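Chain A is the first sequence line, chain B the second, and so forth, proteins listed ahead of strands; every chain is numbered from 1. Not measured: the values here are computed from a predicted model.
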Protein chains: 2
Amino acid sequence: MAVNLSALQLDKQLCFPLYTASRLVTQCYHPILKELDLTYPQYLVLLVLWESDKVNVSLISKRLYLQSNTLTPLLKRMEEMGLLTRERSAEDERNVIIRLTEKGRNLQIQASTVPAYLSSQTPLSQEEFQTLHQLLYKIIQHTP
Amino acid sequence: MAVNLSALQLDKQLCFPLYTASRLVTQCYHPILKELDLTYPQYLVLLVLWESDKVNVSLISKRLYLQSNTLTPLLKRMEEMGLLTRERSAEDERNVIIRLTEKGRNLQIQASTVPAYLSSQTPLSQEEFQTLHQLLYKIIQHTP
DNA sequence: TACATTTGTATCGCAAACGATTTAATCTTA
DNA sequence: TAAGATTAAATCGTTTGCGATACAAATGTA
């Protein structure tokens with residue numbers, strides 16, 4: 001079989017624009033999250049907890065597609081910051097239950113301006129946004 | 001102004017599917033790049049060099065949207081692996097010139113199967129691929 | 001009850017990513 | 001040409017992200 005080297009061009013890849021757009025968009029979050037003293041993955045954890053508090057690490061793992069070896073140190077840091085508590089479940093001691101503190105809950109009000117700020121930074125129309133959103137979830141749900 | 005907390009739902013964000021799809025797709029690369037003994041960002045650097053060898057760090061930085069504090073250790077590692085050389089330019093000593101070695105050049109043949117493997121993993125049609133590609137570049141080029 | 005397996009979490013080590021800062025070389029311009 | 005600005009790359013410190021591994025509790029099974 002003939003070797004096709006032209007497929008190796010940077011601008012033909014899907015991975016590269018995905019990776020780059022993700023990094024650049026995350027960078028856009030940086031200044032506004034800095035005011036809340038949060039990193040981007042910490043913000044994602046809070047998004048989960050604001051929707052459903054008092055969950056184990058597994059649930060956060062499933063929602064964010066992040067493994068426990070990533071989440072554990074992240075959650076410990078957030079515990080030190082006073083945003084949440086980590087406590088072994090009494091019923092099933094394999095579970096560690098994460099609960100928002102008062103401080104963690106209150107942060108939701110301050111964070112409520114974040115999505116609007118970010119969509120104001122986006123060059124996409126409402127329709128393009130929807131299309132992109134749908135295509136990305138298609139990839140996410142397909143990937144094992 | 002009333003505070004709108006519903007915008008903080010995880011599945012309404014654009015950032016999150018972008019971030020997750022990027023991570024999951026990069027993970028798809030892992031097994032095949034492991035056979036070439038490359039990480040994903042190392043593969044990206046090679047994509048640049050296979051297109052244009054003998055370039056300074058700045059050019060790689062511009063093409064990949066990565067800063068020198070990310071690239072310098074990455075390139076040093078690749079130098080230790082014997083994939084490339086790093087040498088100060090004689091004309092302008094601020095520049096460090098990156099050149100592929102024989103080994104680095106030869107890797108292109110082995111890597112030529114990577115794009116086909118990955119597009120076989122993708123659930124997207126040709127048309128969806130193009131749409132996604134275009135929307136992502138719209139974001140990339142818009143972001144400062 | 002003893003033993004193996006599964007499940008959930010944690011630990012370790014490495015490679016990115018990036019903000020902030022530094023160093024050195026080159027360019028500008030007064 | 002000397003002072004200041006700019007540019008290129010490197011350094012430092014912190015946080016992610018993940019593979020590999022370890023470990024304890026819970027569950028299944030002989």
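- Both Leu75(A) and Arg77(B) lie near DNA chain C, and the one whose nearest nucleotide falls closer to the 5' end is Leu75(A).
- Nearest approach of Asp37(A) to Met81(A), heavy atoms of both residues: O-CE, 3.2 Å.
- For the OP1/OP2 pair of dA24(D) and a distance below 4.0 Å, the side-chain nitrogens and oxygens of Arg88(A) include no atom meeting the criterion.
- The nearest whole Å value for the distance from the CD atom in Glu80(A) to the C1' atom in dT14(D) is 13 Å.
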Task: Residues Asp92(B), Asn56(B); criterion side-chain contact (heavy atoms from CB on, under 4.5 Å); working and verdict - done: CA-CA 11 Å; Asp92(B) 187 337; Asn56(B) 61 4; over 6 Å; no
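- Residues Pro41(A) and Arg94(A) both approach DNA chain D. Their nearest nucleotides, taken by heavy-atom distance, put Pro41(A) toward the 5′ side.
- Residue Arg86(A) contributes atom CZ, which lies 8 Å from atom P of dT11(C) at whole-angstrom precision.
- The stretch residues 58-70 of chain A touches DNA chain D through Leu66(A), Gln67(A), Asn69(A), Thr70(A), each having a heavy atom within less than 4.0 Å of the strand.
- Comparing Pro73(B) and Glu93(A) by the nucleotide of DNA chain D that holds the closest heavy atom to each, the one mapping nearer the 5' end is Pro73(B).
- Listed pair Tyr40(B) / dC18(D) fails the phosphate criterion, with no side-chain N or O lying under 4.0 Å from OP1 or OP2.
- Checking side-chain atoms of Gln108(B) against main-chain N and O of Gly104(B) turns up no donor-acceptor pair under 3.5 Å.
- Following rounding to the nearest Å, Asp92(A) (CG) and dT9(C) (P) show an atom-to-atom distance of 8 Å.
- Side-chain N/O atoms of Asn95(A) include one lying less than 4.0 angstrom from OP1 or OP2 on dT9(C).
- Arg105(B) and Glu102(B) are joined by a salt bridge, as a carboxylate oxygen and a charged side-chain nitrogen come within less than 4.0 angstrom of each other.
- Using a 4.0 Å heavy-atom distance criterion, Leu74(B) is classed as a sugar-phosphate-only contact.
- Distance CD (Glu79(A)) to C1' (dT9(C)): 14 Å, rounded to an integer number of Å.
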Donor-acceptor list for residues 14-33 of chain B side chains, cut-off 3.5 Å, not counting sequence neighbours:
from	atom 1	to	atom 2	distance (Å)
Thr20(B)	OG1	Phe16(B)	O	2.9
Arg23(B)	NH2	Tyr65(A)	O	2.3
Thr26(B)	OG1	Ser22(B)	O	2.7

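- OP1 or OP2 of dT11(D) sits under 4.0 Å from a side-chain N or O of Lys76(B).
- For the pair Tyr19(A) OH and dG17(D) C1', the computed distance is 12 Å after rounding to whole Å.
- Atom OG1 of Thr39(A) is separated from atom CG of Leu74(A) by 6.0 Å, given to the nearest 0.5 angstrom.
- If you take CG of Leu71(B) and C1' of dA16(C), they are 11 Å apart, rounded to a whole angstrom.
- Look at CD on Glu91(A): it is 16 Å from P on dA25(D), rounded to the nearest Å.
- We find that CG of Leu33(B) is positioned 14 Å from C1' of dA16(C), with the value rounded to whole Å.
- Between His133(B) and Phe129(B), the ring-plane angle classifies as parallel under the 30° and 60° cut-offs.
- Not one side-chain nitrogen or oxygen of Thr72(A) sits closer than 4.0 Å to the OP1 or OP2 atom of dT11(C).
- Listed here is the closest heavy atom pair of Pro115(B) and Ala7(A): CG-O, 3.5 Å.
- Using a 4.0 Å cut-off, some side-chain N or O of Lys34(B) falls inside it from OP1 or OP2 of dA20(D).
- Remark: Arg23(B) is in phosphate contact with dC18(D), judged by side-chain N or O atoms under 4.0 Å from OP1 or OP2.
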